[in-house]
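Here's the structure we're looking at; comments come further down.
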2 protein chains.
Amino acid sequence: MFRISRITDYGIVILAQLATQTDDAAHNSRELSDQTQLPAPVVSKILKSLTRAGLLDSVRGSKGGYRLARPPAQISVVQMISALEGPVAMTECAIHPGACSMESSCGLQGPWQRINGAVQDALEKITLADIADPTANARGRFDRFVPLVGLDASGSGGHAAPNNPNSKEPRGR
Amino acid sequence: MFRISRITDYGIVILAQLATQTDDAAHNSRELSDQTQLPAPVVSKILKSLTRAGLLDSVRGSKGGYRLARPPAQISVVQMISALEGPVAMTECAIHPGACSMESSCGLQGPWQRINGAVQDALEKITLADIADPTANARGRFDRFVPLVGLDASGSGGHAAPNNPNSKEPRGR
DNA sequence: ATTTACAGGACCAAATTAGTCCGATATCTT
DNA sequence: AAGATATCGGACTAATTTGGTCCTGTAAAT
């Protein structure tokens, strides 16, 4: 666990797709659905969210579509996640002081704010430009090892491919 | 969103509680439930998971209970999260190469592994000793500002307090 | 005017998560 | 030896969240 949601996952795929387009034209929902192989209604929904969050500009009407609101290097992972699933907040108290009724007795708000800040810093440094850069994909791969407690074999799969009611085989994104 | 699960949240509270105990005695489930004000069955369940993951040692029978398996400084946030909700993996492909059927067409495994690594690094550096240290709580608070996209007012609350079917007021953890 | 495409939500089904409970086993006390 | 106290492991249910679809309205181009 500790995953981003599927919608966010898809959203980043879509953003990466848009980042690779060299022209400045608007790309419509159907086109992006074809390119990413993601279900059209889902793509549409995600594009709307990204637009509302200010990551995309939209053009209505015929010849309309979407384009990045700013250069890929200025769109961080934090922004992408925030756009699609709300602020990066590992706990309620990390960003909403006063929301938790136990706040007075539980002395963990401070630590959580620190932890959350550390995660945000890490995610802030990585941008859409890094993600969409094809050479970056090969670099940085398996270049570190982090021992995991409880890394059991129950990989449980799932989470990355859209549900396909007809086949047990995930058809992937 | 992008939250840890409630169980993990509780688990860290429990671990912090155990870390503050100065004696080397085993503390039982009921005692910890009283101290943390968390529902007894939930505390029990969490303690079992933490034991299975190797973060706690358990003692059976009368006078039995739980104690930390090692010093708080040697228990990182990554380990705590991993123990209760599986490995820290923002996407499937970040830790399970081959699990996603789109892996060949989607060029994002590399980036995701990097992103995941960055988050793990951040979470690795913070330990139970930091969390349980009362002076650390005051420090590190509001000492940074990270602009968030989409930080709307829909705080939506919730997630931090156990469900109480009888009262609409969350009774907190 | 018609066509194309975004905007915003309502809505349902499926999957996850939270929380409870039970029988079995191990250990201490008397 | 018997009884009391705790953990162990897992089954089970209810509530919440998420994923995904669809429908009505609005804006722009032809």
Side-chain angles (χ1 to χ4, degrees), chain A residues 1-11 14 25-34 38-54 56-67 84-86 154 156-166 168 170-171 173, chain B residues 1-11 14 25-34 38-53 56-67 84-86 152 154 156-166 168 170-171 173:
Chain A
M1 297 299 148
F2 195 64
R3 305 280 169 86
I4 55 169
S5 75
R6 202 131 96 177
I7 294 298
T8 304
D9 191 354
Y10 296 165
I14 294 169
H27 300 270
N28 70 34
S29 182
R30 169 139 167 59
E31 186 183 342
L32 289 164
S33 165
D34 287 348
L38 293 170
V42 175
V43 171
S44 169
K45 185 182 198 171
I46 292 170
L47 288 168
K48 289 179 224 170
S49 298
L50 291 173
T51 304
R52 230 170 310 170
L56 297 181
D57 286 336
S58 66
V59 182
R60 283 190 164 197
S62 180
K63 304 277 176 188
Y66 300 86
R67 66 168 65 91
L84 292 165
E85 52 191 273
S154 69
S156 77
H159 187 280
N163 292 339
N164 186 337
N166 299 333
K168 209 63 205 115
R171 61 178 245 266
R173 51 146 199 250
Chain B
M1 296 300 148
F2 197 63
R3 304 279 169 87
I4 56 169
S5 75
R6 202 131 95 177
I7 294 296
T8 304
D9 191 354
Y10 297 166
I14 294 169
H27 299 269
N28 69 34
S29 182
R30 168 138 168 61
E31 185 183 341
L32 288 165
S33 165
D34 287 346
L38 293 169
V42 175
V43 171
S44 169
K45 185 182 198 172
I46 292 170
L47 288 168
K48 289 180 224 169
S49 297
L50 291 173
T51 304
R52 232 170 307 170
L56 297 181
D57 286 337
S58 66
V59 181
R60 283 190 163 196
S62 180
K63 302 277 175 188
Y66 300 88
R67 65 167 67 90
L84 291 165
E85 51 191 273
D152 55 351
S154 69
S156 76
H159 188 282
N163 292 339
N164 186 336
N166 300 333
K168 209 65 204 115
R171 61 179 244 266
R173 50 151 199 247

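In what follows, chains carry the letters A, B, and so on, assigned in the order in which the sequence lines appear, proteins first and then strands, with residues in each chain numbered from 1.
Within the 4.0 angstrom heavy-atom criterion, no nucleotide atom of any strand lies near A:L47. No engagement by A:S44 is indicated, since no non-hydrogen atom pair under 4.0 Å with the nucleic acid exists.
Between the P atom of C:dG9 and the CD1 atom of A:I46 lies a distance of 18 Å, rounded to the nearest Å. Regarding A:K63, its NZ atom lies at a distance of 17 Å from the C1' atom of D:dA27, rounded to whole Å. Separating the CD atom of B:E85 from the P atom of C:dA18 is a distance of 8 Å, rounded to the nearest angstrom. One can place CG of A:L84 at 16 Å from C1' of D:dT17, the figure rounded to the nearest angstrom. If you take OH of A:Y66 and P of C:dA5, they are 12 Å apart, rounded to a whole angstrom. Atom CG of A:L56 is separated from atom C1' of C:dA5 by 15 Å (rounded to the nearest Å). Remark: C1' of C:dA7 and CG of A:L50 are 14 Å apart, rounded to the nearest angstrom. Taking atom CD of residue B:E31 and atom P of nucleotide D:dT7, one finds them 10 Å apart after rounding to whole Å.
Proximity note for A:R60 (side chain, C-beta onward) versus D:dG25, D:dG9, D:dA4: the nearest is D:dG25. Picking from D:dT7, C:dC6, D:dG20 the nucleotide with the shortest atom distance to the side chain of B:N28 gives D:dT7. Distance from the side chain of A:P39 is smallest for D:dT21 among the nucleotides D:dT26, D:dT21, D:dC8. When distances run from any side-chain atom of B:K48 to the nucleotides C:dC6, D:dC8, C:dC28, the shortest one goes to D:dC8.
Between D:dG20 and A:R6, a contact under 4.0 Å exists linking OP1 or OP2 to a side-chain N or O. Here A:Y10 does not reach the OP1 or OP2 of D:dT18: none of its side-chain N or O atoms lies under 4.0 Å away. Phosphate proximity of D:dG9 to B:R52: present, with a side-chain N or O under 4.0 Å from OP1 or OP2. Contact annotation: A:T51 does not reach the phosphate of C:dC6 (side-chain N/O to OP1 or OP2, under 4.0 Å).
In this structure the side chain of A:K48 reaches within 4.5 angstrom of the side chain of A:Y66, judged on heavy atoms. Put simply, the side chain of B:R67 reaches to within 4.5 Å of the side chain of B:V59, judged on heavy atoms.
With hydrogens and angles ignored, no donor-acceptor pair under 3.5 angstrom links the side chain of A:K45 to the base of D:dG19.
Along DNA chain D, the nucleotide nearest to A:I7 and the one nearest to A:V59 differ in position, and the one closer to the 5' end is contacted by A:I7.
Pairing each heavy atom of B:G64 with each of B:A26, the nearest pair is C-CB, 4.0 Å.
A donor-acceptor pair is defined here as one N or O able to donate and one able to accept, closer than 3.5 Å; such a pair exists between the side chain of B:S33 and the backbone of B:L38. In this structure, A:E85 contributes its side chain and A:T8 its backbone to no donor-acceptor pair below 3.5 Å.
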